[in-house]
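Chain naming here is simple, since letters A, B, ... match the order of the sequence lines and numbering starts at 1 in each.
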Amino acid sequence: MRSLLFGALVFFAGTPSWVSAQTRLGGFVEYDNLTYFEGTDGARINGRNQLILQAEASHDAGEAAHFFSAVEFRLDQADWSRNRWSLDEAYVDLYLGPVDLRLGRQIFAWGRADAVNPTDNLTAWDFSDILDTDDEQLGLLSGLVTYYSGDWSVEAVLAPSFRASVLPDSESRWWPDLPATVPNPSFPALGPPFVRASYEFADDVLPDQGFDRFQYALRVTGILGSWDVSLSWFDGLDDLPALHTETSVDSTLSAARILVEPRYHRRRAIGADFATTLGSVGVHGEGAYYLTSDWSGTDPAIDDPYLHYVVGGDYTLNDLVGDRDLFVLLEWSHEVQVPDRHSTLRDTDLNHVFRRSLLGKVDLELGPFSLVKVEGVYNVGTRNWYVQPGGRWSFADGAELLIDLDLLGGRQDTFFGDFDDNSRLHVRLKYSF
Amino acid sequence: MKKQLALFGLAVPLLAAPAIAQVPPTGREVMETHKMQDRTQDTEAEIRMTIISARGGTRERDIVMWTKTRSDDTQMQLIRFQSPADVEGTGFLSIENLGREDDNWLYLPALRKTRRIAGADKRDSFVGTDFSFEDLEPERLDSYEYRLAGSEIVEKSETWVVEATPTDPKKIEETAYGGRQLWIDKKNGVMRRSEFYGRDGTFLKRLNAEDVRPVPGTDKWRAYRLTMEDILGGSRTVLEISSYHIDEGVPEEYFTQRYLRRR
């Protein structure tokens, strides 16, 4: 892995960012360091000392076609299990009059909200570090056809495959604390009300190969006056598994063995989004109604149908300090079960972290090449939070230093509260070429 | 004698003619000359931007800018970054509208998203340069009152000095400037210098246009080097235009979100 990374570095260091007007080679190199403020016991990894090389190649074949590919090499000296290389994207664009065709491994980014996008369901993510979602989308092998007519377009996506999101492994600091005791299923007939729990994880269960794994999506996008709008439909698999459990209590009635089986279920989503400006305020919103595979509400492991919407606005205060501007963005994210069966969407579930959340971001320019910022989320109902103060400094063309603090807090039975010992300093040095 | 009188009668208007020619134009007339020089059906320009901070640090960006004037005299503009690599593919699309707010979109390839931005954001710095979005807009004569303030020599060229004050309520709301002073070349109508003042009259920025020459194959004159200085902050941005292509038929479809996203 080291020699591969070094060889690639030497190759790209000696190559200009363009090779010809039609062919370009580029990408970035990033050094990424994490320091946690609290150590953990056991085998958990307490830092990151990582080098990333992303190598990109593109080629224009006149006005008719375009090719792009991006390969990522990752080397983490602190956690060798994170080392990998992956083909992030590799696709060809064909421009056929009013129709664009994109075929290959590609990343979709639907929706107009900033932090959370309910209408963005095609692309899976690498959540092995839950807070580090920068450039962590996973390309999906698929075909995209876009038809343009004036200010309107219709996009149709067919993905003959499924790619699940990557979840933290059991050695990760982002592996949740599982309950040490669980209710005794035999109580009150036999044994105490609670028993000690041990967990066993089965392999992932995916639909059979073939049409059961096909995913489809459709989106109509356009402009109505000064409003950007879209309507979308998604029919595919949830990129996060539902955790089905089977509990068996041992003969002494003191301990339970819980078999956890992650299963990926089909779901459909009808979505819409908009963006406009009201004077000097940008306003946006998007929502999706999820028709899960448990429409009847009988399987507790699978979500009941629900609506997830996000509305927000942004505003720039010009010349706040000297001629430096302050950018402010606020969003409200909310999930509502429709119909309401009084079941619970828990925000400890990765799919529902932003069930009732206030999200915000403030950027203050310090100069032409630097800014400081604060981003954060506060989960209103369960009172847990994540705040990221930080800054970035572009110290040369294509080169920047990014320093962030990730601070988490809340009760132990909440999403961010469970990880409150994962507060950390995150330093990255990135050079794009 | 009659002949002499007749000749004298002819001579009077001839003698008076230079005096009439020296009647200075109004500020509006000067700006109409500038507008005529500036106006094209479409333009493509390849530009290198050098941003120089107050401490002397420099960054370079290469962009291509396309503009097109529609039949109702409104303008469309597409700007795309070609380098450095961390901003390559970033695009800005602006569609001017009559009777309602302009449409502005920013495409950020790292996010793979097109974002509609508010009109008031025109005061924002254009990707870290000393130019704001509004500095890149064409002169909109009906949005200002122009007053001729005199004439001066700038870079060996005779210029009219014009004071521009925003009068259109929409412009007053959007602009960062309470007024501007403009130096318009008497020979060709090219803007040779511009000074920008805040709403409280503070001197904010100065734009200098150099290397003014005709664009080959056209009757248009253009500055091939523009320098914007931030008077308060001490930074400056230099635009060096390597080529102008004027009225060569930029397709209207360039000014769509489809092309904004296309690298």
Side-chain angles (χ1 to χ4, degrees), chain A residues 17-18 24 26-28 56 58 60 66 68 93 95 100 107-112 114 134-135 137 146 148 150-151 153 221 223 225-228 275-284 314-316 318-319 322-325 327 365 367-369 394-400 430-433, chain B residues 51-55 57-61 82-89 95 97 100-105 110-125 127-130 132 173-174 176 198-199 202 204-205 230-233 235-237 253 256-259 261-263:
Chain A
S17 61
W18 53 271
R24 290 187 300 277
F28 66 84
E56 298 173 358
S58 65
D60 291 320
H66 169 79
F68 177 79
D93 285 320
Y95 308 122
D100 287 354
I107 290 170
F108 297 90
W110 287 11
R112 298 186 202 275
D114 197 75
D134 184 26
D135 200 33
Q137 292 140 299
T146 311
Y148 295 92
D151 288 333
S153 64
T221 305
I223 302 172
S226 56
W227 292 68
D228 297 340
T276 190
T277 55
L278 301 173
S280 54
V281 178
V283 180
H284 59 259
D314 58 81
Y315 182 73
T316 301
N318 292 97
D319 305 334
D323 61 346
R324 304 304 173 201
D325 301 337
F327 173 77
E365 289 178 355
F369 314 132
S394 170
F395 58 91
D397 282 335
E400 59 182 353
K430 187 173 181 178
Y431 176 65
S432 302
F433 55 91
Chain B
I51 306 162
I52 304 155
S53 72
R55 293 180 181 177
T58 62
R59 304 284 183 281
E60 289 187 343
R61 276 125 174 70
Q82 298 197 304
S83 74
D86 57 345
V87 295
E88 183 188 354
I95 309 284
N97 296 306
R100 68 174 177 86
E101 285 189 18
D102 299 345
D103 295 313
N104 300 295
W105 293 276
L111 302 178
R112 298 177 175 80
K113 283 188 177 179
T114 302
R115 174 180 230 147
R116 178 181 278 270
I117 59 174
D121 290 354
K122 286 177 182 178
R123 288 174 283 181
D124 287 355
S125 161
V127 287
T129 70
D130 293 294
S132 63
E173 185 188 341
E174 286 178 356
R199 290 166 186 249
T202 308
L204 299 176
K205 297 198 288 193
D230 180 343
I231 304 300
L232 300 177
S235 57
R236 62 198 157 97
T237 300
E253 62 188 1
T256 59
Q257 292 189 46
R258 180 189 193 186
Y259 276 80
R261 286 189 293 266
R262 190 179 284 186
R263 286 195 178 196

Self-check item: Residue part contacting chain A, namely of B:Ile95, when any heavy atom lies under 4.5 Å
Solution: neither
Quiz item: Do B:Arg61 and A:Asp397 come close enough that some side-chain heavy atom pair is under 4.5 Å?
Solution: yes
Quiz item: Distance from A:Phe395 atom CZ to B:Arg59 atom CZ, nearest 0.5 Å?
Solution: 8.5 Å
Quiz item: Of all of A:Gly225, A:Gly150, A:Ser58, A:Ala399, which one pairs up most often with chain B through heavy atoms under 4.5 Å apart?
Solution: A:Gly225
Quiz item: Between A:Asp93, A:Ile223, A:Val283, which shows the greatest number of heavy-atom pairs under 4.5 Å with chain B?
Solution: A:Ile223
Practice problem: First locate atom CG of A:Asp228, then atom CG of B:Asp103, and finally report the distance between them rounded to the nearest 0.5 Å. | Solution: 7.5 Å
Quiz item: Quick one: what part of B:Gln257 sits under 4.5 Å from any heavy atom of chain A, side chain, backbone, both or neither?
Solution: side chain
Quiz prompt | Nearest heavy atoms of B:Ala118 and A:Gly282, plus distance in Å | solution = CB-N, 4.3 Å
Exercise. Test the B:Arg55-A:Phe369 pair against the cation-pi criterion, namely NZ or CZ under 6.0 angstrom from the six-membered ring centroid and within 45° of the ring axis.
Key: no
Self-check item: Side chain proximity check, B:Arg258 to A:Ser153, heavy atoms < 4.5 angstrom
Solution: no
Quiz item: Where does A:Thr221 contact chain B at under 4.5 Å (heavy atoms): side chain, backbone, both or neither?
Solution: neither
Exercise. Show your reasoning for whether side chain to side chain contact (heavy atoms under 4.5 Å, CB included) applies to A:Tyr95 and B:Arg262.
Key: CA-CA 11 Å; A:Tyr95 308 122; B:Arg262 190 179 284 186; 3.0 Å; yes
Exercise. Against chain B, label A:Glu400 side chain, backbone, both or neither, depending on which of its atoms sit under 4.5 Å from a heavy atom there.
Key: neither
Exercise. Nearest 0.5 Å please: distance from the CZ atom of B:Arg100 over to the OG atom of A:Ser226.
Key: 5.5 Å
Quiz item: With side chains defined as the heavy atoms from C-beta onward, is the minimum distance between A:Asp314 and B:Arg115 less than 4.5 Å?
Solution: yes
